[in-house]
Amino acid sequence: MAQRKAELIQSRLDKLQRIRSRGVNPYPARYLCSHTTQEAITLYRESRVEGSGIPEQIVSRAKRLQTLKLAGRITAMRSMGKAIFLDIRDGSGKVQAYLQRDAIGEEKYSLLQDFDIGDFIGVEGELFETRAGEITVKVSDFTMLSKSLQPLPEKWHGLADVEKRYRQRYLDLLSNEQVRRTFEVRSQAISAMRRFLEKRGFIEVETPVLQSLAAGALARPFATHHHALDSDLYLRIATELHLKRLIIGGFDRVYEIGRIFRNEGISTKHNPEFTTLESYQAYADYHDVMEMVEQMVSFIAKEVLGTMRISFGELTVDLSPPWQRLTLREAIKEGSGVDFEAFPDARSLEAEIRKTGLRVEEGMSWGKLVDYLLSHTVEPNLIQPTFLMDYPVKLSPLAKRKPGCDHLVERFEAFAGGMEIANAFSELNDPLEQRERFEEQERVRALFGDEEAERIDEDFLLALEHGMPPTGGLGVGVDRLVMLLTGHQSIREVILFPQLRTVPG
RNA sequence: GGGCCGGUAGCUCAGUGGAAGAGCACCGGACUUUUAAUCCGGGUGUCGUGGGUUCGAGUCCCACCCGGCUCACCA
């Protein structure tokens with residue numbers, strides 16, 4: 001440990017020892033607060049509001065004379081010798097405390113010498129207003145609630161070191177108000193999402209994270225091992241197939257908000273574990289789901305931010321429904337000039353893409369080529385919320401074919417702020433066709449060495465053979481939705497503890 | 001994995017091959033309405049790590065570690 005830091009900690013350890021030697025417990029179990037700091041300030045302000053019927057002076061006097069008990073972390077200390085000002089912060093806000101030696105008593109007052117910025121304190125007293133107009137507790141008694149041994153980041157600039165912000169997020173939350181705000185928005189957005197779905201009759205369920213086969217999406221799973229069962233298990237890469245089993249079991253509207261895990265690259269848009277919402281609605285198709293997505297996302301924005309028009313970088317994204325609807329074919333034709341339907345095999349499509357000047361790796365499957373066109377020539381430009389509809393069947397092994405267009409499926413993806421935020425389709429419920437689609441994916445995997453293709457989930461096929469109603473399914477990237485709502489370009493800014501390399505020691 | 005950028009005091013950051021700095025925090029002192037309190041005194045350091053070049057390296061070179069951005073992959 002650096003010498004300087006050791007000294008800072010030693011100084012606090014010495015204070016801790018002095019506190020103990022006075023017979024004071026520096027880590028008591030509880031402190032009964034009468035108010036949060038925010039409530040206290042509101043109380044004082046309201047006592048000044050006129051027109052309550054009661055003479056203002058009496059209301060004011062009664063409320064001001066009330067003794068309050070507040071608690072929080074000391075974030076600043078301004079000592080005046082025989083008096084000291086503290087800033088005390090709790091989860092609701094901040095209040096100033098004023099401690100005078102003569103009001104507290106010399107012996108108790110001297111205890112303050114062993115308090116540091118970062119310690120927790122409980123204060124008891126009446127509210128008053130300082131000369132500068134700040135509502136302040138005039139402290140008659142105080143209690144040490146917790147001694148901190150480590151120095152906090154500097155008050156003015158906060159914590160800027162990005163690595164430290166992620167590794168010690170608690171310091172980031174303490175130092176940077178807007179970081180705290182981002183995670184409040186995240187929490188409120190998920191809460192609003194639940195309210196929306198519950199109002200529509202969906203029930204929340206939980207399905208296994210540990211699975212013997214990681215299916216339901218195209219991704220590489222994390223592998224682990226169960227010792228008692230002596231079997232290899234995988235962390236789920238999607239919740240899809242289990243939720244459909246529940247539709248088969250008669251829950252007509254289900255959803256799960258949960259963590260899924262993909263063993264792939266880490267970037268500003270990808271964390272190995274991330275949160276999805278998946279919902280399934282019996283007797284609905286992808287048009288119904290589209291309507292639900294635009295209603296849900298705009299509802300969440302309105303609930304959490306109070307507006308459907310949100311800032312994203314220098315742009316404004318207007319989430320008010322209805323959202324623009326385009327077919328995938330139209331969008332890609334417009335973005336790249338390539339009509340993928342005119343090139344039904346991988347090699348001719350690859351050649352056509354090369355003609356436009358885009359550089360693609362050799363040997364990509366047809367599906368990957370279309371996906372490449374989408375993510376490179378279309379997605380970055382979809383700033384305003386947009387649905388792209390009708391995807392090639394080759395890209396969508398779990399979606400139902402579009403009547404009259406055998407090569408397309410009833411699928412859409414929703415984009416906003418240049419990101420994909422939702423993926424949905426009319427679910428394939430024909431068990432024989434589902435088996436063929438899985439087998440086709442296996443063939444693609446063998447042919448292209450494509451490790452991410454679906455595996456055949458026999459247990460799911462068995463369930464499907466018992467009959468699944470027509471169903472509209474949806475997946476929403478919750479982290480990306482929060483990025484959109486908070487205007488962040490990096491997923492690490494909306495995940496409290498993003499994955500970082502483990503530092504030895 | 002490739003490219004670019006960064007890592008100096010607890011925090012935020014300066015630092016031109018020639019004596020390691022500032023502000024905040026901290027320590028000591030003064031101060032009973034301060035609020036980025038103020039005033040006086042104190043610099044507390046593995047310059048990410050390890051090599052190399054040089055009379056001399058925080059600074060130049062090489063390798064490595066960690067992070068950021070970006071490309072590839074992906075949602």
Side-chain angles (χ1 to χ4, degrees), chain A residues 1-12 14-15 75-87 94-104 109 113 116-118 128-136 138 149-168 171 174-175 217-220 237-238 260-276 359-361 364 368 371-372 374-376 379 413 415 419-423 450-452 475-481 483 489-493 498 500-505:
Chain A
M1 194 189 292
Q3 193 184 336
R4 176 57 189 155
K5 192 171 183 196
E7 284 172 21
L8 290 172
I9 291 168
Q10 190 54 51
S11 159
R12 287 172 179 241
D14 292 345
K15 290 174 181 174
T75 57
M77 301 178 81
R78 293 176 291 280
S79 172
M80 310 287 299
K82 296 187 182 65
I84 184 166
F85 288 90
L86 305 179
D87 287 347
K94 191 173 87 173
V95 72
Q96 179 170 259
Y98 179 52
L99 297 89
Q100 287 172 299
R101 192 187 67 179
D102 293 348
I104 290 164
Y109 187 81
Q113 288 168 357
D116 284 297
I117 289 174
F128 77 109
E129 204 166 324
T130 64
R131 263 178 222 160
E134 178 158 356
I135 298 165
T136 299
K138 186 170 275 179
L149 302 179
Q150 298 272 353
L152 293 180
E154 186 231 357
K155 60 190 167 189
W156 191 243
H157 299 91
L159 185 67
D161 182 318
V162 178
E163 184 174 356
K164 189 154 281 191
R165 286 185 47 232
Y166 295 158
R167 289 193 194 275
Q168 294 181 276
L171 296 179
L174 283 173
S175 311
L218 311 176
R220 211 172 135 186
I237 57 173
I260 66 174
F261 308 86
R262 298 192 180 176
N263 201 344
E264 286 165 355
I266 297 178
S267 76
T268 46
K269 301 268 185 300
H270 303 86
N271 196 60
E273 50 183 307
F274 60 105
T275 302
T276 59
R359 289 191 300 198
V360 287
E361 269 181 55
M364 285 167 77
K368 290 233 162 191
D371 193 57
Y372 176 90
L374 171 60
S375 54
H376 285 82
E379 185 169 346
E413 290 185 308
F415 298 85
M419 291 184 296
E420 182 198 330
I421 57 170
N423 177 26
D450 188 344
E451 283 190 14
E452 287 163 3
V476 174
V478 171
D479 310 277
R480 291 194 178 170
L481 180 60
M483 286 166 71
Q489 309 287 333
S490 169
I491 198 168
R492 295 184 196 102
E493 295 293 343
L500 297 180
R501 197 176 291 273
T502 305
V503 183

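So you know, we letter chains A, B, ... as the sequences are listed, proteins then strands, and number each from 1. Keep in mind that this is a model prediction, so the values were computed, not measured.
The side chain to side chain contact (heavy atoms under 4.5 Å, CB included) check on R78(A) picks up A76(A), F85(A), D87(A), Q96(A), with sequence neighbours excluded. Partners of N263(A) under the side chain to side chain donor-acceptor pair (under 3.5 Å) rule, at least two apart in sequence or in another chain, do not exist in this structure. For K15(A), the side chain to side chain donor-acceptor pair (under 3.5 Å) partners two or more places apart in sequence, or in a different chain, are D116(A). For H157(A), the side chain to side chain donor-acceptor pair (under 3.5 Å) partners two or more places apart in sequence, or in a different chain, are E154(A). The side chain to side chain donor-acceptor pair (under 3.5 Å) check on E163(A) picks up R167(A), with sequence neighbours excluded.
Residue S490(A) has a polar side-chain atom (N or O) positioned under 4.0 Å from OP1 or OP2 of C69(B). Close to A9(B), at under 4.0 Å from its OP1 or OP2, lies no side-chain N or O of K5(A). In this structure, T268(A) reaches the U70(B) phosphate: one of its side-chain N or O atoms is under 4.0 Å from OP1 or OP2. Proximity of H376(A) to the phosphate of A72(B): a side-chain N or O atom is located under 4.0 Å from OP1 or OP2.
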_Pair R492(A)-T268(A), side chain to side chain contact (heavy atoms under 4.5 Å, CB included): steps then yes or no_ = CA-CA 7 Å; R492(A) 295 184 196 102; T268(A) 46; 4.1 Å; yes
_Working for side chain to side chain contact (heavy atoms under 4.5 Å, CB included), residues M483(A) and I491(A)_ = CA-CA 7 Å; M483(A) 286 166 71; I491(A) 198 168; 4.0 Å; yes
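When both distances must be under 3.5 Å, the Watson-Crick or G-U wobble mate of C4(B) is G68(B). Remark: C60(B) base-pairs with G52(B); criterion is Watson-Crick or G-U wobble with both hydrogen-bond distances under 3.5 Å.
Nearest heavy atom pair, residue Y109(A) against residue K82(A), reads OH-C, 3.2 Å. The two residues I237(A) and A219(A) make their nearest non-hydrogen contact at CD1-O, 3.8 Å. Considering all non-hydrogen atoms of both residues, V95(A) and I135(A) come closest at CG2-O, 4.0 Å.
Residue side chain Q96(A) reaches the base of U34(B) through a donor-acceptor N/O pair under 3.5 Å, judged by distance alone. Between the side chain of R131(A) and the base of U33(B), no donor-acceptor pair under 3.5 Å is found.
When the C1' atom is used for both G43(B) and C11(B), the distance is 15 Å, rounded to whole Å. On the P atoms, G45(B) is 32 Å away from C55(B), given to the nearest whole Å. Between G6(B) and G51(B), the two P atoms lie 24 Å apart (nearest whole Å). Comparing U12(B) with A36(B), their C1' atoms sit 13 Å apart, to the nearest whole Å. A9(B) sits 10 Å from A20(B) when the C1' atoms are compared, rounded to a whole Å. G56(B) and A19(B) have their P atoms separated by 15 Å, with the value rounded to a whole Å. A distance of about 39 Å separates the C1' atoms of A22(B) and C71(B), rounded to the whole Å. Here the separation of U59(B) from U53(B), taken at their P atoms, is 15 Å to the nearest Å.
Within 4.0 Å (heavy atoms only), R167(A) reaches sugar-phosphate atoms of the nucleic acid but no base atom. When heavy atoms are screened at a 4.0 angstrom cut-off, N423(A) is found touching no nucleic acid atom at all. Counting non-hydrogen atoms under 4.0 angstrom, R78(A) reaches a base of the nucleic acid. A160(A) comes within contact range of the sugar-phosphate backbone alone, with a heavy-atom separation under 4.0 Å but no base atom that close. Within 4.0 Å of Q100(A), counting heavy atoms only, lies at least one base atom of the nucleic acid. Nucleic acid contact class of F274(A) (heavy atoms, under 4.0 Å, all strands): base. No engagement by G475(A) is indicated, since no non-hydrogen atom pair under 4.0 Å with the nucleic acid exists. Using a 4.0 Å heavy-atom distance criterion, S175(A) is classed as making no nucleic acid contact. N271(A) comes within 4.0 angstrom of a base, heavy atoms only.
Between the CG atom of L159(A) and the P atom of A9(B) there is a distance of 14 Å, rounded to whole Å. When the C1' atom of U33(B) is taken as reference, atom CD1 of I135(A) falls 15 Å away, rounded to whole Å. If you take CD1 of I421(A) and C1' of A75(B), they are 12 Å apart, rounded to a whole angstrom. In this structure, the CZ atom of F415(A) is 10 Å from the C1' atom of A75(B), given to the nearest Å. Between the CD atom of E379(A) and the P atom of A75(B) there is a distance of 10 Å, given to the nearest Å. A straight line from CD1 of I266(A) to P of G1(B) spans 11 Å, rounded to a whole angstrom. As rounded to whole Å, 13 Å separates atom C1' of C71(B) from atom NZ of K269(A). Distance Q489(A) CD to C69(B) P: 11 Å, rounded to the nearest Å.
Across C11(B), C66(B), U35(B), the shortest atom-to-atom separation from the side chain of E163(A) is found for C66(B). In this structure, the nucleotide among C11(B), U34(B), U33(B) sitting nearest to the side chain of Y98(A) is U33(B). Here the side chain of R262(A) is nearest to one of U35(B), C73(B), A75(B), namely A75(B). Closest to the E134(A) side chain, of the nucleotides A75(B), A36(B), U34(B), is U34(B). Comparing atom distances between the R501(A) side chain and each of C66(B), G68(B), U35(B) picks out C66(B) as nearest.
Residue-to-nucleotide proximity on RNA chain B shows that, of E273(A) and R492(A), the 5′-proximal contact is made by R492(A).
Remark: the Y98(A) side chain and the E134(A) side chain contain no N/O donor-acceptor pair separated by less than 3.5 Å.
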*When every nucleotide of nucleotides 25-31 of chain B is labelled 5' to 3' by its protein contacts under 4.0 Å (heavy atoms), B for base, S for sugar-phosphate only, - for none, what sequence of letters results?*
BBS---B
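A stacking contact between F85(A) and A37(B) is absent: the pair does not combine a ring-centre distance of less than 5.5 Å to the base's six-membered ring with planes differing by less than 30°.
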